[in-house]
Trainee: 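First, the structure itself, so that you have it in front of you.
Heavy atoms only: backbone and side chains are in, while hydrogens, waters and symmetry mates are out. Both counts, for ligands and for their atoms, begin at 1 and track the order of listing. Positions are given from 1 along the sequence.
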Amino acid sequence: MLAEVAGALRSAGQVAVLTGAGVSAESGIPTFRDTMTGLWADYRPEDLATPRGFRRNPDLVWSWYRMRRLAVADARPNAGHQALAAMERLVPGFTLITQNVDGLHARAGSRDVVELHGNIGRVKCFACNRVAETFEDTDAVPRCRACGGMLRPDVVWFGELLPPRALERAQQAAAGCDVVLSIGTSNVVEPAASLPWIAARRGALVVVINMTDEGQQTGDRIRHLMGPSGEILPRLVAAAWPEPPSV
Ligand code: NAD
Ligand code: ZN
């Protein structure tokens with residue numbers, strides 16, 4: 001199975017990759033649900049990740065994201081992120097689309113990342129929407145230099161729209177690819193979950209890389225590679241490009 005997928009990757013002109021929280025699990029970044037344990041177990045997602053929750057208790061939401069931002073800063077990209085950065089240089093038309101907000105793909109060396117859900121390292125104004133170039137990362141919610149409004153993390157909260165340009169690029173890549181890899185995602189959060197099926201309808205090979213095949217779709221053009229992405233992805237790149245050209 002790995003050899004078949006490697007062959008398809010090697011001969012593909014266009015490859016689209018969709019990643020989810022699982023690709024960062026081996027870097028020690030917890031999934032959304034795992035994060036809501038311990039100190040935070042008493043809160044609901046709507047308290048922490050909605051505009052309403054922020055309006056109601058900005059300090060609480062700010063400190064939750066601050067904790068996650070510090071955890072991400074301490075984490076390092078893993079071999080899965082690195083293999084995807086290598087693939088970007090080996091495939092003629094390559095689009096990396098992520099639902100993650102941790103910025104680890106860029107830190108692993110990926111040059112072009114389509115971020116569907118924003119980035120936890122960036123903040124923007126809750127009032128005027130301007131992205132802040134700099135901000136003071138303390139316990140208190142910082143203020144916008146332009147309008148004095150509260151600054152919030154530049155991530156997509158429940159009930160918010162995805163950044164339109166990112167979504168458009170993701171849909172175009174899915175519609176035009178020969179192979180799509182769906183890695184470390186439970187494929188339940190729309191519209192990202194539909195991307196592999198846009199590709200499948202156009203005849204692309206769909207490759208699911210996950211610890212489990214539970215809840216994942218099956219079909220003629222779907223291949224499952226089960227295991228941690230930090231192990232599978234480097235093996236896949238090594239099998240597809242045994243002697244990578246020097247880049
Ligand atoms: P999810 O938590 O719903 O699913 C994670 C998937 O990864 C599961 O299917 C699990 O089986 C799989 N997985 C776990 N460890 C793995 C590994 N080592 N290798 C391969 N697969 C592994 O995550 P999701 O589908 O990304 O959706 C959750 C939402 O939460 C997204 O909207 C995302 O933006 C957000 N989120 C992001 C981060 C991050 O930036 N790292 C972390 C938590 C949540
Ligand atoms: Zn502002």
Trainee: Using a 4.0 Å cut-off to any heavy atom of Gly184, which atoms of ligand 1 qualify?
Mentor: 5 (C), 6 (C), 7 (O), 21 (N)
Trainee: Is the shortest N/O to N/O distance between Glu26 and ligand 1 below 3.5 Å?
Mentor: yes
Trainee: Using a 3.5 Å distance criterion without hydrogens, assess whether the side chain of Asn210 forms a donor-acceptor pair with backbone atoms of Asp213.
Mentor: no
Trainee: With respect to atom 41 (N) of ligand 1, which of Leu104, Asp102, Ile120 exhibits the smallest heavy-atom separation?
Mentor: Asp102
Trainee: In plain terms, say whether Arg152 and Glu160 are close enough for a salt bridge, that is, a side-chain N and a carboxylate O under 4.0 Å apart.
Mentor: yes
Trainee: Take the angle between the ring planes of His81 and His105 and call it parallel below 30°, perpendicular above 60°, tilted in between.
Mentor: perpendicular
Trainee: Quick check: Ala21 and ligand 1, any N/O pair under 3.5 Å apart?
Mentor: yes
Trainee: Can an N or O of Val101 be found at a distance shorter than 3.5 Å from an N or O of ligand 1?
Mentor: yes
Trainee: Contact between ligand 1 and Pro30 is defined here as a heavy atom of the residue under 4.0 Å from a ligand atom; is it met?
Mentor: yes
Trainee: With backbone taken as N, CA, C and O and side chain as the heavy atoms from C-beta onward, which portion of Ile29 lies under 4.0 Å from ligand 1: side chain, backbone, both, or neither?
Mentor: side chain
Trainee: What class does the angle between the rings of Trp157 and Phe54 fall in, given that below 30° is parallel, 30 to 60° is tilted and above 60° is perpendicular?
Mentor: tilted
Trainee: Heavy-atom contacts with His117 under 4.0 Å: which atoms of ligand 1 show up? List them by number with element.
Mentor: 31 (C), 32 (O), 33 (C), 34 (O)
Trainee: Heavy-atom contacts with Ser186 under 4.0 Å: which atoms of ligand 1 show up? List them by number with element.
Mentor: 1 (P), 3 (O), 4 (O), 6 (C), 9 (O), 25 (O)
Trainee: In terms of side-chain geometry, is the basic nitrogen of Asp112 or Arg169 positioned less than 4.0 Å from the acidic oxygen of its partner?
Mentor: yes
Trainee: Test of geometry: compute the angle SG(Cys125)-the Zn ion (ligand 2)-SG(Cys144) and round it to 10°.
Mentor: 110°
Trainee: For Trp64 and Tyr43, I'd like to know if the aromatic rings sit close, meaning centre-to-centre distance below 6.0 Å.
Mentor: no
Trainee: Between ligand 1 and Thr185, is the shortest N or O to N or O distance under 3.5 Å?
Mentor: yes
Trainee: Side chain or backbone of Thr212 under 4.0 Å from ligand 1, or both, or neither, by non-hydrogen atoms?
Mentor: side chain
Trainee: Looking only at heavy atoms, is any part of Ala25 under 4.0 Å from ligand 1, and if so is it the side chain, the backbone, or both, or is it neither?
Mentor: side chain
Trainee: What atoms of ligand 1 come within less than 4.0 Å of a heavy atom belonging to Gly20?
Mentor: 26 (O)
Trainee: Looking at Arg56 and Glu46, is any side-chain nitrogen of the basic one under 4.0 Å from a carboxylate oxygen of the acidic one?
Mentor: no
Trainee: Which bit of Ala192 gets closer than 4.0 Å to ligand 1, counting heavy atoms only: side chain, backbone, both or neither?
Mentor: neither
Trainee: Give, rounded to 10 degrees, the angle between SG (Cys128) and SG (Cys147) as seen from the Zn ion (ligand 2).
Mentor: 120°
Trainee: Please confirm whether the backbone N or O of Ser27 pairs with a side-chain atom of Ser24, one donor and one acceptor, at under 3.5 Å?
Mentor: no
Trainee: Are Val180 and Leu2 linked, directly or through intermediate hydrophobic residues, by side-chain heavy-atom contacts shorter than 4.5 Å (ILVMFWY only)?
Mentor: no
Trainee: Hey, are Thr138 and Arg66 close enough side-chain-wise for a donor-acceptor pair under 3.5 Å?
Mentor: no
